[in-house]
Enquirer: 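Got a structure for you, questions after.
None of these values were measured; they are calculated from a predicted model.
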Amino acid sequence: LERELTRYCVPFVIRAGFSLIKNTAGQIFKEIQDCYNSDFSYDSVRAFVLDEYIPWSEKYKEERQNLIRAGSELRCLCGFTEKEKDGKNFHFDSWEEALSAGGNKTSSEKAFYLGIKKDIKAICRAGSFKAIEQAWMDFRNKYLNLDEFSELADAIIGRCITELKKLIEIEEKYC
């Protein structure tokens, strides 16, 4: 294939290796995107919050488990958006509504969910690569135990951040 492309002067790039998000360490970025894209559906939040390859901070262990348990009991399948009579869109967040109805019994789970939701939205709605990096660092410092990353996971996350920094340089230079 390479010979034929070269022979006909067709520009090409041969990639080797594996996608950074197909590895367990890089999967965190895909799970963050899945939560955001699905409006924090039960399946995406459960996959993200219970992913044991992500070295979550020990202080959130109980909240993570309780959030998923409460989501299952309260039937927090997915949110939806509908138009109101005045033409404005109204978004119903099943997690927020169900956890609010639980009162003090679910207050710590609600606080954890709202924090995760806010931080994921900050990453996914960032207007620049620099803002993505800042939102990721805030998320990482708040929820992850950096000492628990394996060497391979640390190298993969580091590679992702290196690529992000290259994009920041390009953005600063040309935008």
Enquirer: Mind listing the closest non-hydrogen atom pair of C124 and Q33 along with its distance?
Expert: SG-OE1, 3.9 Å
Enquirer: Ring centroids only, cut at 6.0 angstrom: are F40 and W95 within range, meaning strictly under it?
Expert: no
Enquirer: For I132 and I123, which heavy atoms make the closest approach, and how far apart are they?
Expert: CG1-O, 3.9 Å
Enquirer: How many angstroms lie between atom CD1 of I28 and atom CH2 of W136, to the nearest 0.5 angstrom?
Expert: 4.0 Å
Enquirer: What distance separates C35 SG from D119 CG, expressed to the nearest 0.5 Å?
Expert: 12.0 Å
Enquirer: For the atom pair OG (S128) and CD1 (I168), what is the distance rounded to the nearest 0.5 Å?
Expert: 7.5 Å
Enquirer: Checking salt bridge (charged side-chain N to carboxylate O under 4.0 Å, His left out) against D93, which of K117, K110, K121 comes through?
Expert: K117
Enquirer: Measuring only between side-chain heavy atoms, which start at C-beta, is C78 closer than 4.5 Å to D39?
Expert: no
Enquirer: With a 4.0 Å cut-off on N to O distance, would you call R159 and E163 a salt bridge?
Expert: yes
Enquirer: Assigning hydrophobic clusters by single linkage (Ile, Leu, Val, Met, Phe, Trp, Tyr; side-chain heavy-atom cutoff under 4.5 Å), is M137 placed with F139?
Expert: yes
Enquirer: With the threshold set at 4.0 Å, does a side-chain nitrogen-carboxylate oxygen contact exist between E4 and R7?
Expert: yes
Enquirer: Please examine the side chains of N141 and L146, heavy atoms only from C-beta on, and report whether any two atoms are closer than 4.5 Å.
Expert: yes
Enquirer: At what distance, to the nearest 0.5 angstrom, does CZ of F92 lie from OG1 of T81?
Expert: 11.5 Å
Enquirer: Quick one: does Y42's side chain have a donor or acceptor within less than 3.5 Å of a partner on G71's backbone?
Expert: no
Enquirer: Ignoring hydrogens, what is the shortest heavy-atom contact between E31 and I54? Give both atom names and the distance.
Expert: OE1-CD1, 3.4 Å
Enquirer: Could you point out which residue of W56, F29, Y53 forms a ring-ring contact (aromatic ring centres under 6.0 Å, His included) with F48?
Expert: W56
Enquirer: So how far is it from L167 CG to T162 OG1, rounded to the nearest 0.5 Å?
Expert: 11.0 Å
Enquirer: For residues N66 and E109, report the shortest heavy-atom separation together with the two atoms involved.
Expert: CB-OE2, 2.9 Å
Enquirer: Do any pairs count as a salt bridge (charged side-chain N to carboxylate O under 4.0 Å, His left out) and have a residue in residues 54-71, sequence neighbours left out, and if so which ones?
Expert: E52-R64
Enquirer: For the pair S150 (side chain) and A153 (backbone), establish whether a donor and an acceptor sit closer than 3.5 Å, ignoring hydrogens and angles.
Expert: yes
Enquirer: Below 4.5 Å, heavy atoms only, C-beta onward: do F149 and L144 meet side chain to side chain?
Expert: yes
Enquirer: Less than 4.5 Å apart, any side-chain heavy atom of Y36 and any of I32?
Expert: no
Enquirer: When you compare the side chain of L99 with that of L67, does any pair of heavy atoms fall below 4.5 Å?
Expert: yes
Enquirer: In Å, rounded to the nearest 0.5 Å, how long is the span from CD1 of I156 to CD of E151?
Expert: 12.0 Å
Enquirer: Would you sort out whether K130 and E133 count as a salt bridge (charged side-chain N to carboxylate O under 4.0 Å, His left out), showing the intermediate values?
Expert: CA-CA 5 Å; K130 186 72 173 167; E133 180 191 34; 3.5 Å; yes
Enquirer: Which heavy-atom pair separates A131 from G127 by the least distance, and what is that distance?
Expert: CB-N, 4.2 Å
Enquirer: Treat each ILVMFWY residue as a node, draw an edge where side-chain heavy atoms are under 4.5 Å apart, and state whether V45 and L50 are in one component.
Expert: yes
